[in-house]
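Beneath this line is the structure, given in structure tokens, with notes to follow.
This one's a predicted model, so the numbers in the text were calculated from it and none came from an experiment.
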Amino acid sequence: MTYATHVLRHSKKIRSSSNLLRHDSAILVRWFSNGTRSSMEKGDGRHSIPKSFSGCNSGPAVSNNRCRAVAPTVSFVATHNGNALRTAIDPCASTASIAFMRGSSGSQVPSRRCFSTASDLPPHQEIGMPSLSPTMTEGNIARWLKKEGDKVSPGEVLCEVETDKATVEMECMEEGYLAKILRGDGASSIKVGEVIAITVEEEDDIAKFKDYQPSTSDATPSPKASPPPPPKEKVAEKPVTPSEPKVSKPSAPPADRIFASPLARKLAEDHNIPLSNIKGTGPEGRIVKADIEDYLASRGKETPAAAPKADAALDYMDIPVSQIRKVTASRLLLSKQTIPHYYLTVDTCVDKLMELRSQLNSLQEASGGKKLSVNDLVIKAAALALRKVPQCNSSWTNDYIRQYHNININVAVQTDNGLYVPVVRDADKKGLSTIAEEVKSLAQKAKENSLKPQDYEGGTFTVSNLGGPFGIKQFCAIINPPQSAILAVGSAERRVIPGTGQDQYEFASMMSVTLSCDHRVIDGAVGAEWLKAFKGYIESPESMLL
């Protein structure tokens with residue numbers, strides 16, 4: 001009880017001494033610590049005052065009466081009825097920033113979300129680039145739907161983000177005002193988590209973020225959080241030491257080895273520069289990147305007319321690469337480099353398929369439904385063939401082969417923005433009219449660049465058709481990882497085929513299809529078995545309706 005009484009008595013002293021705090025905070029620290037030391041030093045050692053400050057200098061050499069201390073607070077702890085009482089005083093703080101103890105429990109200063117350590121910035125929230133798909137590492141800002149100064153509410157769309165697979169709307173999570181847009185329309189290669197905007201709670205705080213830079217705000221807390229500035233000054237006061245001449249003395253590298261940084265070696269290899277022609281300026285004669293660049297610059301000055309001659313006859317335009325194009329390029333390159341492809345091609349007669357399609361489209365027109373395309377029938381046939389040969393509905397991992405129970409067919413759709421592969425889920429269980437409606441809806445979304453992640457994720461097999469739209473007779477497609485197969489569909493054409501009798505010939509519409517397989521998952525015989533099942537459904541399309 002005695003210690004708590006001292007705590008309350010001295011806290012009342014501080015509350016009544018606001019003028020003293022304004023004039024000289026150093027006097028307050030000495031007055032408070034001297035008044036409490038006599039009472040706090042008695043006891044069982046549990047009540048103590050940290051003496052981590054080195055005193056205050058209130059002389060004319062220090063502006064604004066600031067205190068120079070290793071730790072800028074004086075704190076003491078006492079117990080009363082089993083409750084901990086703690087008070088912390090900042091010798092350089094104003095009266096509004098000191099928390100006082102009242103009764104047997106301490107009043108807590110409410111924590112303010114995203115409070116900036118800079119004194120001129122109010123509480124704010126930094127909005128980072130979100131991860132909108134499992135494979136997303138960076139994204140682009142397509143356009144902002146909100147402007148600086150606009151009020152935002154939960155659920156409202158802030159901007160459109162171009163991910164590695166589609167353009168997705170980013171919604172606001174909290175109410176406030178959009179104070180600053182750090183990455184504007186068209187900003188590209190923004191890493192996930194990088195700050196793109198600032199929101200504040202009060203409208204009056206918007207103007208304070210006019211010149212806000214996230215790098216500055218991130219750097220300001222570090223000096224305040226590091227408690228020992230005086231040791232740094234002591235280290236800085238020793239600029240001249242006997243060790244400096246030893247460090248600055250470069251030692252010549254051995255004659256049988258040339259030392260160079262990895263970046264310098266890579267740069268030299270790219271430009272076919274022998275390292276023996278370059279003198280290193282790095283530590284101990286090491287060749288660094290700057291040495292290679294200097295060598296290239298000096299060599300360019302010697303032959304200034306060589307480069308323009310090569311480009312003089314070329315007229316070209318550099319086209320920016322979209323995010324979807326980057327991802328498509330990297331995934332297809334990975335597929336060709338890491339997946340052992342092999343290809344199986346078969347010709348199928350589609351006369352009965354065309355006849356059935358014509359009959360079904362007549363029924364669709366009568367009922368007001370959408371017309372069926374050949375590709376819709378191909379998707380259905382591929383899904384049913386996967387049900388018969390489930391080994392082709394699998395993917396490779398290093399430890400096992402994962403065979404899927406769901407048959408989700410990706411359909412390749414070409415747009416002005418790049419290649420998209422929206423997915424038709426459980427295609428084996430859906431009717432032809434449902435498949436036709438979904439494919440048309442997904443293709444329209446792809447062309448409008450408005451696909452959601454659920455529209456293209458989770459596929460187990462892909463169908464790519466270049467025959468109907470472009471008249472390509474036959475081609476080989478690249479597997480879409482992590483899938484193990486893709487079907488390339490060519491165009492249907494009239495051919496002369498052998499008839500039933502000797503020396504008899506018939507005309508038939510034949511369509512070539514090629515199955516690209518991952519040999520790690522699908523053996524040749526398994527791939528052939530799948531194509532046999534697929535051909536059976538195409539040439540006897542009535543069986544797909546059973």
Side-chain angles (χ1 to χ4, degrees), residues 94 96-97 109-133 135-225 318-327 416-418 445 447-453:
S94 62
S97 64
V109 181
S111 61
R112 308 183 74 177
R113 178 174 51 84
C114 297
F115 186 79
S116 174
T117 54
S119 59
D120 57 341
L121 293 181
H124 60 278
Q125 182 180 12
E126 296 180 343
I127 300 177
M129 171 62 71
S131 178
L132 300 174
S133 71
T135 58
M136 178 178 175
T137 57
E138 60 181 28
N140 303 338
I141 301 293
R143 65 188 180 106
W144 283 91
L145 302 180
K146 292 289 184 179
K147 299 179 295 184
E148 292 184 358
D150 288 354
K151 185 176 181 179
V152 293
S153 302
E156 291 186 346
V157 179
L158 286 176
C159 64
E160 293 180 352
V161 178
E162 185 181 282
T163 70
D164 54 351
K165 295 183 178 179
T167 299
V168 183
E169 295 177 342
M170 189 180 77
E171 297 180 353
C172 181
M173 303 301 294
E174 297 184 15
E175 188 173 358
Y177 295 88
L178 186 59
K180 181 72 174 178
I181 296 177
L182 299 172
R183 305 302 295 268
D185 294 350
S188 60
S189 302
I190 306 173
K191 300 294 183 183
V192 171
E194 184 177 341
V195 180
I196 60 174
I198 300 294
T199 59
V200 294
E201 299 174 356
E202 303 295 336
E203 187 175 6
D204 297 338
D205 297 335
I206 296 175
K208 299 179 181 179
F209 289 87
K210 182 179 180 181
D211 300 323
Y212 178 84
Q213 294 294 334
S215 57
T216 305
S217 64
D218 294 340
T220 47
S222 53
K224 294 190 177 181
D318 293 331
I319 301 174
V321 180
S322 64
Q323 192 69 16
I324 183 67
R325 177 68 63 185
K326 287 182 181 179
V327 174
D416 295 336
N417 299 318
K445 284 184 178 180
K447 292 176 181 177
E448 295 173 354
N449 205 16
S450 60
L451 288 172
K452 304 293 183 184

Any side-chain heavy atom of [X] within less than 4.5 Å of one from [Y]?
X      : Y      : answer
Val168 : Met170 : no
Val200 : Lys208 : no
Glu194 : Arg183 : yes
Met136 : Val161 : yes
Thr199 : Leu178 : yes
Glu175 : Pro154 : yes
Glu169 : Glu156 : no
Lys147 : Ile181 : no

Next item on the list: First locate atom OG of Ser153, then atom NZ of Lys146, and finally report the distance between them rounded to the nearest 0.5 Å.
Entry: 7.0 Å
Heavy-atom donor-acceptor pair, [X] side chain to [Y] backbone, under 3.5 Å:
X      : Y      : answer
Asp185 : Trp144 : yes
Lys151 : Gly176 : no
Asn417 : Lys447 : no
Glu162 : Gln323 : yes

Checklist line | Flag if over 12 foreign heavy atoms under 6.0 Å of CD, Glu202 | finding: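 Counting neighbours around CD of Glu202, 12 or fewer heavy atoms of other residues, nucleotides or ligands fall under 6.0 Å, so no.
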Check: What do the steps show when you test Ser189 against Lys326 for side-chain contact (heavy atoms from CB on, under 4.5 Å), and what is the final call?
Finding: CA-CA 11 Å; Ser189 302; Lys326 287 182 181 179; 3.4 Å; yes
Margin query: List the residues meeting salt bridge (charged side-chain N to carboxylate O under 4.0 Å, His left out) with Lys191, not counting sequence neighbours, and say none if there are none.
Written below: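 Salt bridge (charged side-chain N to carboxylate O under 4.0 Å, His left out) list for Lys191, sorted by chain: Glu138.
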If every non-hydrogen atom of [X] is compared with every non-hydrogen atom of [Y], which pair is closest and at what distance?
X      : Y      : value
Cys159 : Ile141 : SG-CD1, 4.2 Å
Ile324 : Gly418 : CG2-CA, 4.5 Å
Ser131 : Val192 : CB-CG1, 3.9 Å
Val152 : Tyr177 : CG2-N, 4.2 Å
Ile206 : Gly149 : CD1-CA, 3.8 Å

Next item on the list: List the steps and the verdict of side-chain contact (heavy atoms from CB on, under 4.5 Å) for Ile198 and Gln125.
Entry: CA-CA 6 Å; Ile198 300 294; Gln125 182 180 12; over 6 Å; no
